[in-house]
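Read through the structure below, which is laid out as C-alpha cells, and then see the notes.
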There are 2 protein chains.
Amino acid sequence: MAGSVGIKEVAQQAGVSVGTVSNVINRPENVSEQTRVRVLAVIERLGYVRSESARQLRAGQSRIISLLVLDMANPFFVDVASGAERAAREAGLWVMLCNSAQSPGEEAGYLSLFAEQRVRGVLVTPVDGSGRELADFRRRGTPVVFVDRAQPSEEGCSVSVDDVMGGGLAVRHLLEQGHRDIAYISGPMRLTQCQDRYTGALGMIERWGLPRSRLRHIETGGLEDTAGRDAEAGRDAAARLLGMSPRPTAVFCANDLLALGVLQVLYGAGVSVPEEIALVGYDDIEFASAAAVPLTSVRQPAQRMGRIAAELLMEETGDAARHHRHQQIVLRPELVVRGSSVSGGPKERGM
Amino acid sequence: MAGSVGIKEVAQQAGVSVGTVSNVINRPENVSEQTRVRVLAVIERLGYVRSESARQLRAGQSRIISLLVLDMANPFFVDVASGAERAAREAGLWVMLCNSAQSPGEEAGYLSLFAEQRVRGVLVTPVDGSGRELADFRRRGTPVVFVDRAQPSEEGCSVSVDDVMGGGLAVRHLLEQGHRDIAYISGPMRLTQCQDRYTGALGMIERWGLPRSRLRHIETGGLEDTAGRDAEAGRDAAARLLGMSPRPTAVFCANDLLALGVLQVLYGAGVSVPEEIALVGYDDIEFASAAAVPLTSVRQPAQRMGRIAAELLMEETGDAARHHRHQQIVLRPELVVRGSSVSGGPKERGM
DNA sequence: GCACAGCCGTGAAAGGTTTCAACCAGATTT
DNA sequence: AAATCTGGTTGAAACCTTTCACGGCTGTGC
C-alpha cells in the first residue's frame, strides 16, 4: 500500500541485515554506535514506521487494553476512563476506549473486535449477562476485569462501588429530612446498577419500619437508544412524576444526568427544590455542583475505580500472573449534601 | 500464546485447506453448503477467532479510523465523537477514540501509535502546529482530516465551525444588551479556537466603534494539565474577574465548562447573573441549559461536525479516492439566548 | 601460539491470514 | 469422443517483524 517501506528496505539501504535493523530499534545497546547511527539515518530518511500488526502477529498479543463503558455521554465514565488510561500509560500500554451505549448489540460487536485484535486485556462495564463472550475471553487466556460491577467470585477481578450502600445512603438522608414518600427514578432495571441502588433504597425504607410502598419507582423508557440521553430521560420521568398523586416529596435518581433532567423540568414548572421536592442524584459528576440548585449526590470514586481496574488487569497479564489471585474490590460511596435536598442547605461546593 | 487456534488448525480438523477456510469466512458463496457447514462447526468447536493483526498485515491497512480529541471531559467532544462513530460504523469501520488532553506530548504519542497501527485515516483536533507528524501521514498516503479546526487549503480536508463568527455573535449579543465592558475568558491562546473566538469578539467591538480596551482578556493557567479541568480553570478565572476594577459587566467564555465554573463562583459570591454580570458560554453542551442560571451559549453542531469529518475521511480512503478533492467545510454557529445574559430572559430550554 | 570469551552482525524460521493461479471432477456442448 | 465450461478446492506466495542459534572477528590470558 502506497509504497510503504519495511524493515527490509531499510536494511538494504543501510547495508545491513534485517535482524540488525530490528536490533537497532529494540536493543540498541547490542549494536555498535556506528551501525546504529547509520541505520537510524536511513530510517529517518525513508520515514520508516514499524508495523504494529506484524509486530503483534509475531508477539501473539498487542500492547492495547480495551475499555468498554456503558455511556460516554456520562462524565462519570469519562472519569473512569481517565483513571484507567493513566494507569495503563504508566505501564506502557495503550487504552482503546469504546462505548457500548448500553446496547447489548454494540457490546457484542466491540467484544468481538477486541477478540480479533488480541487485546492484552478487557475492562468492561457489562450491559447485562453477556457472560458468553466474556467466558470466551477467559478461555483464550485474555483477562477480563469488571468495572463498576461486582463479579461473581472465582471468575475474575472486579472493581465496583457498593451500590446497595449508595442507594441506602441517599434514602436515609431523605428520610432524615423527614420525607416519607420518595420516588426512585432509574434506567432499565436489567442494569445491575439500577437494580442494586433500588435494593439499597428499599432496604433503608424497611429498616425504618416503613412499608415498601413509600418508595415508588419510575423506570425510564425501555427503548434501546436511552443511553446518552439520560438527561432527556430525566425530563420524561419528571413529567410523569408531576402527574402522580399524591406527589412524592422527594426524588432519588440513579444518576446525576437523570437528576439534572428532572431538575430542569421542576425548575421550568415552578416547583421549588428542595422545598416542594427534594432531589438526590448519583455519581457526583462535576456538573452536579453547578446545577440550578447544587445537587446532593452520592459520590463514587470514579477515577480511582478506573485506575484500580487497570492495575488489576495488568497484574493479571504481567509476569507475576502465575501467582495472581482474583479479587473483587468494592469501594464505598459517599454522600455529598448540597442544596437540592436541604432547605437553606450547605453552600458547599463539590470537588 | 495460550494455544490460540489458527486457521491452519481449523483447516486440518475440518479436512480442508486453509484457503477454503478463508473462503468460508470471507466468501461463503464460493463454498459448497456441505463444506461450509462442516468448517463452521469446527470453527465453533475450537473457538477460532481470526487474527486481526495477520489480516491487517496482509491487507496493508486496518479497518480502524482514529479520532484524537482535545478534551474528553468536554461533552462537546463526546458529541463530536458520537457523530463520527455513527458515520464510521455505517461504513463498517471502527473508531479508536483518544484524548490528547491538549498536550502536544500526548498528541505526538498517539499519532505515532496510529502510524504504527496503519490506521485507515486520522481525525484530529490538533493541539497546535504539529504539522510535522501530520505531514508524514499524508506522505504515507493516510488521509488526515481536521475536526473543529480549519485546515490551510490544499493540504487536506477539514470541518470546522466559524469561530470568528461565533465570537462575534456572543459579543454582539452582549453589546446589544448594553454592555460596554466585557471580559473574555479562555484557555491558552496557542489553541486556535481560543484565538479565533477572541478575534471575532474583538472585531465586533471595533465594528461598534468602541476601543479595543473594552474587551479584557483573562487567559487561564498556562499549565500543561489544564485540560479536563476547565470548570476549575473557570473558577480561577472568576476569582480574578472579581478582583478587577472596574469590574466588567459581562463575560464571554470560550467554552461552557469555563462558563459553568465562573457561574459557580459568582453564585457563591452572591453576584447575581445576569443583573450584575451577564454571562455567555460556548458549545451549548447539554449541561448549559441545566445550570444554576440557564446559560446563554454559542451552539456548535458538534455531532454533525463529527459525522461530516468521518464522511470526508472515508471518501478520501474509499475507492472513489482518485477523484477526491480536498474540502474545507465551515459550519455556522448559532447563538442560543437563555437567562444568563438577559434579565428576566427567555425561559427557553435548550435541545 | 592457542584457547577462550565477548562483541557484532547474520540468516532463516515462525507467526496467521488473504489472494490467486492452477487444478480437478463432473457436466455440458460440439 | 473430444473440447469447453463450471463450481469447488488447493497450494504457495506475500505481508513484516522478531527471535535465536550461530559465525567471524578481536583481544586477552596463559
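To find a chain, count down the sequence lines: A is the first, B the second, and so on, and within it residues start at 1.
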Partner residues of [X] under the side-chain hydrogen bond (donor to acceptor under 3.5 Å, both in side chains) criterion, sequence neighbours left out:
| X | value |
| --- | --- |
| B:Ser51 | B:Ser53 |
| A:Asn30 | none |
| A:Thr20 | A:Ser17 |

Any sub-3.5 Å donor-acceptor pair from B:Glu107's side-chain atoms to B:Leu68's backbone N or O?
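No; zero donor-acceptor contacts below 3.5 Å.
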Looking at five pairs on each end of the helix from C:dG1-D:dC30 to C:dT30-D:dA1, what is the angle between the two axes, given to 10 degrees?
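Taking five pairs per end, the axes differ by 50°.
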Quick one: A:Glu29 CD to C:dC7 C1', roughly how many Å, whole number?
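Going from A:Glu29 (CD) to C:dC7 (C1'), I get 13 Å.
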Going by the rule ring pair (Phe, Tyr, Trp, His ring centres under 6.0 Å), which residues pair with B:Tyr48 if we only count those two or more places apart in sequence or in a different chain?
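Here no residue qualifies.
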With sequence neighbours left out, which residue pairs that include part of residues 37-48 of chain A fulfil the salt bridge (Lys or Arg N to Asp or Glu O under 4.0 Å) condition?
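Applying salt bridge (Lys or Arg N to Asp or Glu O under 4.0 Å) to every pair that reaches into residues 37-48 of chain A, excluding sequence neighbours, yields A:Glu44-B:Arg132.
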Heavy atoms under 4.0 Å is the rule here; annotate nucleotides 9-15 of chain C 5' to 3' with B where the base is hit, S where only the sugar-phosphate is, and - elsewhere.
SBB--BB
Sequence neighbours left out, what passes side chain to side chain contact (heavy atoms under 4.5 Å, CB included) with [X]? Give chain and number order.
| X | value |
| --- | --- |
| A:Gln34 | A:Ser32 |
| B:Ala150 | B:Ser160 |
| A:Glu90 | A:Arg86, A:Arg307 |
| B:Glu85 | A:Tyr110, B:Arg89, B:Val95 |

At 4.0 Å (heavy atoms only), tell me whether B:Arg118 reaches a base, stays on the sugar-phosphate, or touches nothing.
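If one applies the 4.0 Å heavy-atom cut-off, B:Arg118 turns out to touch nothing in the nucleic acid.
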Looking at every strand, decide which applies to A:Ser51 at a 4.0 Å heavy-atom threshold: base, sugar-phosphate, or nothing.
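Here A:Ser51 touches the backbone only, sparing every base.
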Under 3.5 Å, which N/O atoms of the protein pair with N/O atoms of nucleotides 21-27 of chain D?
none

